[in-house]
Amino acid sequence: MFDFDTPVDRQGTWCTQWDYIADRFGRADLLPFTISDMDFATAPCILEALQKRLSHGVLGYSRWQHPDFTGAIAHWYQTRFHCAINPEALVYGPSVIYMVAQLIRQWSAAGDSVLIFTPAYDAFYKTISGNQRKVISSPLQKINQQWEMDLSLLETQLAEQECKILLLCSPHNPTGKVWTRQELVTIDRLCQKYQVKVISDEIHMDMVWGKNQHLPWSSIGSGHWALVTSGSKTFNIPALTGAYGLINHAADRAAYLQQLKNTDGLSSPAVLSVLAHITAYTQAAPWLDALRQYLEANLSFVARQLNGAFAELDWQPPQSTYLAWIDLRPLNIDDEALQTELIERQGVAMMPGITYGEEGRGFLRLNVGCSRAKLEKGVEKLIAGLQAVR
């Protein structure tokens, strides 16, 4: 019903992943498997809705505070996560990272600290330091193919006077970890104990594999918290901009909206983004289910090929995301030598693990959100690169 095999030519479309690959990797002719957007066209129903809206011809100021938008989000949470949300708690934002940045400013002061589980999405480091806050790194530990937090260390860190916020990535990027109910309850209990507020970035919430289940923070959290997310990763619509969130306390919501509307002048959302979210959450579930099967198969393909070439890797697909977080440490590979080989001789771009903090050293992040034909080329080049530098 849906075609994910036929490649879509993205070159010449001002595409970050394809047209601006030289900005990060120094060459413009590389086959990219880098930032987390997909090479697939979005769901046909979304494209049809956008085309219909464009044919209207008027693209004036718009609103998000209406039942079409809030009701679509509530419907999605109920049908996908069996979770009821309070529509009155919803807020809008131009992007998830904007919302994270604003909440960091709202809930802390310059010089305060924000705790993140590392390795971490590189924008987290930049947003925290860019707002004159300090990063507290709480490293995840890989134990028997699972990523675990160090509870003793976490409590010690949350107890620090300067620690005001825990910025959670759920599911976690780049490891793909899906947090269990018990883990989330424990995090909530400790944050309450030490009066640490929680921002939960759940942008990868729809890409969870197998028997793993995503649990929205709104079903767990108490005290002061915010859940921020978007359909941009799920439906491949980040270019439309637009995100949304849930903020538990009314006073916190009011302060957020005051900053959004009156300080930053962002009272009118991107109408095409609002429409895309409404359509996605009410009509695009069949497309997403087909896409999820395709992505899972892509991840399984990576595992078969890598482990066939290097049995000592025993690489297992992540619990979530279409980002293969590959532990290359069993091969004793020099990260810089591998990147040189991949870029200069193999002609591919893949994200080095160090991008996501010191705990990412020895890892590689490979985006499988693409056609199988492209992925086959990329994995072939990766294996050749690994063999060359061993």
Side-chain angles (χ1 to χ4, degrees), residues 13-17 20 35-38 42 46 49-50 53-54 58-66 68-73 76-77 85 87-108 114 121-131 133 165 167-170 173 199-206 216-218 225-248 252-281:
T13 63
W14 311 302
C15 167
T16 298
Q17 182 163 191
Y20 298 96
I35 64 171
S36 56
D37 70 355
M38 298 181 285
T42 191
I46 296 175
L50 295 175
R53 182 65 181 81
L54 288 172
V58 180
L59 298 172
Y61 292 114
S62 187
R63 296 287 181 94
W64 62 269
Q65 291 167 304
H66 48 76
D68 288 343
F69 183 66
T70 60
I73 294 170
W76 192 252
Y77 273 75
I85 65 170
E88 293 183 0
L90 281 166
V91 296
Y92 178 84
S95 73
V96 165
I97 287 297
Y98 167 87
M99 299 178 79
V100 168
Q102 189 190 130
L103 288 161
I104 286 174
R105 292 189 293 268
Q106 184 173 319
W107 283 345
S108 64
V114 178
Y121 175 40
D122 51 322
F124 280 7
Y125 299 101
K126 297 171 185 175
T127 301
I128 294 168
S129 61
N131 282 285
R133 274 66 170 173
I165 297 169
L167 175 53
L168 180 68
C169 193
S170 178
N173 175 16
I199 304 170
S200 184
D201 174 352
E202 304 190 7
I203 200 168
H204 292 282
M205 63 188 186
D206 296 305
W217 185 261
S218 58
W225 58 262
L227 183 165
V228 293
T229 190
S230 172
S232 59
K233 292 281 190 281
T234 303
F235 299 99
N236 208 33
I237 52 173
L240 296 179
T241 72
Y244 64 91
L246 296 161
I247 300 179
N248 191 32
D252 291 336
R253 285 197 301 277
Y256 170 87
L257 292 172
Q258 166 70 21
Q259 178 78 20
L260 179 82
K261 295 189 293 185
N262 298 330
T263 304
D264 293 343
L266 295 170
S267 59
S268 181
V271 67
L272 296 183
S273 175
V274 172
L275 175 60
H277 277 83
I278 293 168
T279 308
Y281 287 164

Check your understanding: Are any non-hydrogen side-chain atoms of Leu103 and Ile247 less than 4.5 angstrom apart?
Key -> yes

Review point. Is it true that a side-chain atom of Ser200 and a backbone atom of Leu227 form a donor plus acceptor pair closer than 3.5 Å?
Key: no

Check your understanding: Can any side-chain N or O of Arg63 pair as donor or acceptor with the backbone N or O of Pro269 at less than 3.5 Å?
Key -> no

Would you compute the distance between atom [atom1] of [X] and atom [atom2] of [Y] and round it to the nearest 0.5 angstrom?
X	Y	atom1	atom2	answer
Thr70	Glu88	OG1	CD	9.5 Å
Cys15	Ile35	SG	CD1	6.5 Å
Gln17	Asp37	CD	CG	5.0 Å

For [X], check ring pair (Phe, Tyr, Trp, His ring centres under 6.0 Å) against everything at least two apart and list the hits.
X	value
Phe69	none
Phe124	Tyr121
Tyr256	none

Exercise for review: Only counting residues at least two apart or in another chain, list the ones meeting side-chain hydrogen bond (donor to acceptor under 3.5 Å, both in side chains) with Gln259.
Suggested key: Asp264

**Study point:** Shortest non-hydrogen contact from Tyr244 toward Gly231
**Key:** CE2-N, 4.5 Å

Point to revise | Ala270 to Leu240 - nearest heavy-atom pair and separation | key: CB-O, 3.7 Å

Review point. Would you call the rings of Trp64 and Tyr92 parallel, tilted or perpendicular, where under 30° means parallel and over 60° means perpendicular?
Key: parallel

**Study point:** Results of salt bridge (Lys or Arg N to Asp or Glu O under 4.0 Å) for Lys261 - residues two or more places apart only
**Key:** none

Check your understanding: With sequence neighbours left out, what residues match Asp252 under salt bridge (Lys or Arg N to Asp or Glu O under 4.0 Å)?
Key -> none

